[in-house]
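Inspection log for the structure reproduced underneath, given as structure tokens.
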Protein chains: 2
Amino acid sequence: MTRALESGPVAGIPFGQPLYKAVKLRITRGLVDGQWRPGAAIPSEARLAQMFQVSVGTVRKAIDELVAEKILLRQQGRGTFVAAHTADRTLFYFFHLVGKDGRKETPATELLSFVRARAEADEAVKLGIGRGDRVYRIRNLLRLSGEPVVIDDIVIPAQLFVDLDERVFGAREGTIYGLYQARYGINVIRIAERLSATLADRSTGALLGVASGTPLLAIARIAYTYHDRPVELRHSLVDTTEHEYLSDLVKT
Amino acid sequence: MTRALESGPVAGIPFGQPLYKAVKLRITRGLVDGQWRPGAAIPSEARLAQMFQVSVGTVRKAIDELVAEKILLRQQGRGTFVAAHTADRTLFYFFHLVGKDGRKETPATELLSFVRARAEADEAVKLGIGRGDRVYRIRNLLRLSGEPVVIDDIVIPAQLFVDLDERVFGAREGTIYGLYQARYGINVIRIAERLSATLADRSTGALLGVASGTPLLAIARIAYTYHDRPVELRHSLVDTTEHEYLSDLVKT
DNA sequence: AAGTGGTCTAGACCACCAT
DNA sequence: TGGTGGTCTAGACCACTTA
């Protein structure tokens with residue numbers, strides 16, 4: 001088997017790409033179309049090698065990258081699994097607040113409002129949808145140890161989350177990204193965040209139980225699914241009196 | 001060659017460790033003791049395999065991890081190089097501020113003060129030194145597009161940076177971490193940061209050209225060298241009027 | 001015992017770079 | 001042209017999990 005894929009076993013792949021990239025794309029396709037669901041095991045490396053007519057080493061290299069991206073999880077002796085949005089994973093990869101003593105805690109979410117609306121121009125650009133397309137706007141209050149700490153304003157395209165409503169959102173078990181994943185097949189795999197400092201106005205101050213003029217951490221998030229497709233905007237206001245935002249590049 | 005290293009070619013390694021971990025440690029040793037210097041190439045994979053009496057694949061796996069940690073850089077056809085603290089690398093991995101328009105810019109540094117002092121209790125713990133050990137305290141003003149944006153307060157142990165003084169610090173070419181690396185052989189390879197929101201007091205406001213009471217982003221950083229050894233504390237205050245802090249997990 | 005991922009080897013060939 | 005890293009293969013054996 002030569003390096004380039006001039007007419008290989010993996011169809012629909014650009015020429016000149018390494019074989020393992022093609023294998024990675026084939027596996028990703030299986031994830032996108034729901035062939036292998038979150039929490040479940042994908043076929044064994046030997047089986048995939050057989051399916052794709054490549055060597056096990058090549059399959060391993062493809063899976064290596066997906067594991068590095070936290071899309072797949074390997075468990076020796078058990079198999080390779082599609083990462084699911086459990087509370088633990090959310091806490092580790094998608095929730096960056098910790099107590100000033102360093103402790104991590106799962107936040108309790110309280111739905112403040114849920115409305116149907118239309119995308120503003122800048123939102124449409126960031127979400128890759130049309131200006132004026134339908135969106136849901138969701139406001140949540142997050143508590144840590146019972147105290148209000150974060151106000152989250154979420155914007156998601158209605159076309160991706162058909163028939164989502166306040167009842168479904170409120171009745172979910174588990175995390176918000178778990179709901180996206182379980183009910184709508186949308187798997188958030190990466191987020192990008194921009195942080196700045198701002199001041200609490202009267203209404204947000206009231207929600208967070210702080211005086212207006214209190215400094216707050218403002219976080220603008222874009223959440224992405226496979227192939228860097230944006231699926232959610234989220235703007236957070238954080239009272240950093242007792243908590244901090246942790247930014248730490250992971251080590252091996 | 002079996003998996004475990006009961007009495008292998010690589011001495012001084014715990015039993016039961018994979019061979020490639022031992023190889024990785026041997027390579028890291030060469031980096032720590034300055035055998036292979038930043039910017040220079042390490043021996044070829046074939047040569048290392050020969051030196052360590054292992055297969056090329058095992059050397060590659062060790063290097064793979066060091067490359068993933070941004071400690072080494074591979075360049076096809078040229079060799080594998082020790083990452084150096086160039087302005088570009090700093091901008092990409094150690095400086096997280098971007099303009100609100102998304103543009104990255106190298107900051108201009110102005111030394112405000114340089115004093116010899118002794119470590120406070122909490123600083124000593126974070127730096128892994130004794131309480132009261134000598135440290136340098138350095139205050140810098142960072143400008144972006146000519147405007148003051150950041151105040152940096154740096155604390156470093158004097159024992160690691162012997163004979164550092166204001167003149168040496170001010171006369172450096174390149175980045176601060178470049179100075180640590182070139183003159184003291186201390187290679188910062190990872191940072192951890194905690195962010196919160198605060199208010200400008202009168203003196204910091206004056207330095208940043210903002211009114212007291214302006215919200216600022218506070219960043220507490222610990223910088224690490226090999227083996228997770230802390231070597232620098234840095235506290236930053238950022239005017240986020242025109243700039244934001246970018247937190248983005250890197251993709252493959 | 002069977003099946004999974006994890007490690008290690010040896011070798012072939014390709015792509016890229018310097019000379 | 002020679003040396004470097006990059007890809008791909010094939011096979012052996014180990015470690016771990018499950019039944």
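Proteins get letters first, then strands, A, B, ... in listed order; numbering begins at 1 in each. Here the structure is a predicted model, which is why all the values come from computation and not from measurement.
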(message) Looking at K61(A), I'd like to know whether one of its side-chain N or O atoms comes within less than 4.0 Å of OP1 or OP2 on dT7(D).
(response) yes

(message) Tell me the interatomic distance from L48(B), atom CG, to dC8(C), atom C1', rounded to whole angstroms.
(response) 17 Å

(request) Kindly give the heavy-atom pair with the smallest separation between E244(B) and S196(A), and that separation in Å. (result) CG-CB, 4.4 Å

(request) May I have the distance from I27(A) (atom CD1) to dG5(C) (atom P), rounded to whole angstrom? (result) 11 Å

(message) Using side-chain heavy atoms (C-beta onward) and a distance below 4.5 Å, is I71(A) in contact with N187(A)?
(response) no

(request) Can you tell me the distance, in whole Å, between the CD1 atom of I42(A) and the P atom of dG3(C)? (result) 18 Å

(message) By nearest atom, which of the nucleotides dG5(D), dT7(D), dC8(C) is closest to the T80(B) side chain?
(response) dG5(D)

(request) Write down the distance between NZ (K24(B)) and P (dC8(C)), rounded to a whole number of angstrom. (result) 13 Å

(message) How many whole angstroms separate atom CD1 of I63(B) from atom P of dT7(D)?
(response) 14 Å

(message) Side chains of Y245(B) and R194(A), heavy atoms from C-beta outward: is any pair under 4.5 Å?
(response) no

(message) Tell me the interatomic distance from Q53(A), atom CD, to dC8(D), atom P, rounded to whole angstroms.
(response) 15 Å

(message) Is there a side-chain contact between R60(A) and the phosphate of dG6(C), meaning an N or O under 4.0 Å from OP1 or OP2?
(response) yes

(message) Quick check for you: among dC8(D), dT9(D), dG5(D), whose closest atom lies nearest to any side-chain atom of Y20(A)?
(response) dC8(D)

(message) With a 4.0 Å cutoff (strictly under), does any side-chain N or O of T58(B) reach OP1 or OP2 of dT9(C)?
(response) yes

(request) Check the side chains of N140(B) and T109(B) for a donor-acceptor pair under 3.5 angstrom, ignoring hydrogens and angles. (result) no

(request) Measure from the side-chain heavy atoms of Q76(B) and tell me the nearest of dT9(C), dC16(C), dG5(C). (result) dC16(C)

(request) Give a yes/no on whether any side-chain N or O of R78(B) is located under 4.0 angstrom from OP1 or OP2 of dG3(D). (result) no

(request) Would you indicate, yes or no, if dG3(D) has its OP1 or OP2 atom less than 4.0 angstrom from a side-chain nitrogen or oxygen of S44(B)? (result) no

(message) I need the CZ-C1' distance between F81(A) and dG3(C), as an integer number of Å.
(response) 12 Å

(request) Examine the side chains of S145(B) and E105(B) and answer whether a donor and an acceptor come within less than 3.5 Å of each other. (result) yes

